[in-house]
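Below: one structure, written as structure tokens.
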Amino acid sequence: MITVASCSSSLLPSLQSLPGFLFKSRTFFYFHQIQNPQRFCKLFTQKRFHNALLSPRSSVQFPSHPNPDILLSYLISAVGSCSSISYCRAIHSCVIKSFNYTDGFIGDQLVSCYTRLGRADDARNLFDEMPNKDLVSWNSLISGFSRRGYVDKCLDAFFRMKFEMGIEPNEVTLISITSACASRGAIDEGKYTHGFALKLGMLWEVKLVNSLINLYGKSGYLDAVCRLVETMPVGNIVSWNLMIASHAQNGTAADGVGYFNLMRRAGINPDDGTVLSLLEACENLGLQKLAEGVHGLITKCGLYANATVATGLLDLYAKLGRLNYSLKVFEEVNNPDKVAWTAMLAGYAVHGNGREAMELFEGMVKVGVEPDHVTFTHLLSACSHSGLVKEGKNYFDIMSQVYGIEPRLDHYSCMVDLLGRSGLLNDAYELIKRMPLKPNSAVWGALFGACRVYGNIELGKEVAERLFSLDPSDSRNYIMLSNMYSAAGLWRDASKVRALMKEKGLIRNPGCSFIEHGNKIHRFAVGDRSHPELEKIYTKLEEVIGKIREAGFVSKTEFILHDVEQAVKEDMISKHSEKLAIAFGLLVTNAGMPIIITKNLRICGDCHSTAKLISLIEKRTIIIRDSKRFHHFAAGICSCGDYW
DNA sequence: ATAGGGTTAG
């Protein structure tokens, strides 16, 4: 124990003010490594403290473990987890001053720190100076690269270690490399590592197998995942979680839920990883009912207090169209962190609640949570989705001027969208020309969307060319251009674009809409005749469209691409998938409930107008999620303000 | 009692 009397008097108050200071050296360091690395490092770098710690004649005594190396190693992990390069350098120079060497585990830790902070060169320099590099040293270097996703650097170090130095890798080495491969989708390198693991007979290591499951699951090799699991002697909860996640990520989310049921039958209690995998499955299945079930599970397992889980749930509800549920979850999170605030902000943004997003942002700043580049992406997106041009411009300026965040591509595409929405096409184009980054397809796509809405064919053509050269196989761009021509009555140009598409072997992604009913998702495609309730749905649709026609509404046939007879056009357009889904929704949901529909593509103009009118005539709220955002239709108006 | 490793939210 450190006795109070032996502590230097000026140091004591600051020590005592730290939460969890137990006057026990080990506990103290450990506690702060986990709880408050930032503050811990700050305190340490105040000279007096580290001098006291490192001096052999220190008045502070650590009777049980006087080895400063151990304490320093805690400290250095703390530096790593508070991701501050200045602390890292401070500790480094302190180590050199005090010990005049950096080797052994102090060296290992510093190497790991530098690599984790993305300072590969500093790490390499330090590493090369270390005279006694053992397996752990190499693993520290490799794991640091791994955390940053530097697959090549991992493998490079691996080769040097194995073939130049003759040090045999162990499972830790291979796990680090595999997880780097998984995070970057480097499947060939991952397979190579897998081969190595086989050669060394290491596939009995559960953690190694798990990292391989993750690799194959993330890269879409579900069959490889299944083969691995068959050969695995015994898995643990992480293996189960990864199986659920692998299915959720590869279009077989229902099987993922099946694995969850098997897991429960095997008597294994779900943890945060399980629940997060299930949330992913819910998102893919689009089942609100299932999400509520997982919500219940979260509560039952006491995982609601876990910030990651709560944020995942909040985000899921927003994506499923239940923004009110998201808000409820958010309000129950105590001390929401940056990610939780941003998730809520993103929910408001995608639903077009710009004012709420702004208020939320102000609230976040007020309580002292620092926004980052993701926060601003969603804030700007919220402004653009709600037409808050002036506000958006202001936030864009504040972002770099006040928060020191340099705008990224996402921010630029939001700004282009924002300017384009208010018809400032030239300003938007100027912004693209001025931006210091190379504009990507999202940026050009935002301008293209504005050209479509404002019918600026000249600029649209130019932008389309850019998009064609950036993404030659993205059929959406050809379709948009063709639509633009059709809307302007330029049928010949429209058919040329379609011919070009055909020439390139591109096919139009067929539109379809989804709606949940009775624990199941009902899918509708254009003119779909496969649904069992077909007759009723078409009858309902005709009835509603009849009511709309009576009210004097004429179908916006310009949204149909083909130059066909008016009557045929009207017939085709009335069978669009979102209309079928709305008709179905009117039939099966209670009058008080919103009709929630998901569409794989962007909603078409006619369906948008129709949805507005149905919301008015049938007095129903209709929520449609298209590939870009949510549209809330109520009393004849849409939350998007007719710009999307 | 100390260093390197598997799944994790915006």
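Treat the numbers as computed from the prediction; the structure is a model and nothing was measured. All values below were derived from every heavy atom in this structure, side-chain atoms included, with hydrogens, water molecules and symmetry-related copies excluded. Residue numbers begin at 1 in each chain, while the letters A, B, ... track the order of the sequences.
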Would you kindly give the [atom1]-to-[atom2] distance between [X] and [N], to the nearest whole Å?
X	N	atom1	atom2	result
Leu208(A)	dG6(B)	CG	C1'	9 Å
Glu280(A)	dA9(B)	CD	P	9 Å
Leu203(A)	dG6(B)	CG	C1'	13 Å
Trp204(A)	dG5(B)	CH2	C1'	20 Å
Leu174(A)	dG6(B)	CG	P	13 Å
Met161(A)	dG4(B)	CE	C1'	10 Å
Ile142(A)	dA3(B)	CD1	C1'	15 Å
Asn132(A)	dG4(B)	CG	C1'	17 Å

message = What contact category does Ala310(A) fall into here, base, sugar-phosphate, or nothing, at under 4.0 angstrom with non-hydrogen atoms?
response =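 It contacts nothing in the nucleic acid.
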task = Using a 4.0 Å heavy-atom cut-off across all strands, classify Leu279(A) as base, sugar-phosphate, or nothing.
result =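 Answer is nothing: Leu279(A) stays at 4.0 Å or more from every strand.
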Donor/acceptor link under 3.5 angstrom from [X] side chain onto base of [N]:
X	N	answer
Asn236(A)	dG6(B)	yes
Thr173(A)	dG4(B)	no
Asp372(A)	dG10(B)	yes

From [options], pick the nucleotide closest to the side chain of [X]?
X	options	value
Ala343(A)	dG10(B), dG5(B), dT8(B)	dG10(B)
Asn241(A)	dT7(B), dG4(B), dT8(B)	dT7(B)
Val206(A)	dG10(B), dG6(B), dT7(B)	dG6(B)
Thr342(A)	dG4(B), dT8(B), dG10(B)	dG10(B)
Asn139(A)	dG4(B), dG5(B), dG10(B)	dG4(B)
Val339(A)	dG5(B), dT7(B), dG10(B)	dG10(B)

Aromatic ring proximity, centroids under 6.0 angstrom, Trp341(A) and Phe330(A) =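 Here the rings of Trp341(A) and Phe330(A) have centres that are less than 6.0 Å from each other.
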query = Does the ring centre of His295(A) sit less than 6.0 Å away from the ring centre of Tyr325(A)?
reply =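 Centroid distance Tyr325(A)-His295(A): not below 6.0 Å, so no.
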Indicate whether OP1 or OP2 belonging to [N] is found under 4.0 Å from a side-chain N or O atom of [X].
X	N	value
Lys133(A)	dA3(B)	no
Ser143(A)	dG5(B)	yes
Lys319(A)	dG10(B)	yes
Asn214(A)	dT7(B)	yes
Arg147(A)	dG4(B)	no

ask   = When Trp138(A) is tested against each of Phe145(A), Phe159(A), Phe127(A) for ring pair (Phe, Tyr, Trp, His ring centres under 6.0 Å), which residue passes?
value =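 It is Phe127(A), the one option of Phe145(A), Phe159(A), Phe127(A) that forms the ring pair (Phe, Tyr, Trp, His ring centres under 6.0 Å) with Trp138(A).
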query = What orientation do Tyr192(A) and Phe158(A) show, parallel under 30°, tilted 30 to 60°, or perpendicular over 60°?
reply =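 Aromatic pair Tyr192(A)/Phe158(A) classed perpendicular.
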ask   = Taking all atoms of both residues into account, what is the closest heavy-atom pair of Arg629(A) and Val350(A), and its distance?
value =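 Result for this residue pair: CB-O, 3.6 Å.
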With a 3.5 Å distance limit and no angle check, can you tell me whether [X] reaches the backbone of [Y] through a side-chain donor-acceptor pair?
X	Y	value
Asn250(A)	Ser246(A)	yes
Asp121(A)	Arg124(A)	no
Asn210(A)	Ile213(A)	no

task = Would you please name every residue forming a side-chain contact (heavy atoms from CB on, under 4.5 Å) with Leu320(A), sequence neighbours left out?
result =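 For Leu320(A) the side-chain contact (heavy atoms from CB on, under 4.5 Å) partners, ignoring immediate neighbours, are Gln288(A), Ala291(A), Leu316(A).
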key: Contact list for DNA chain B against residues 256-275 of chain A - heavy-atom distance below 4.0 Å   =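 Going residue by residue through residues 256-275 of chain A, the ones with a heavy atom under 4.0 Å of DNA chain B turn out to be Gly273(A).
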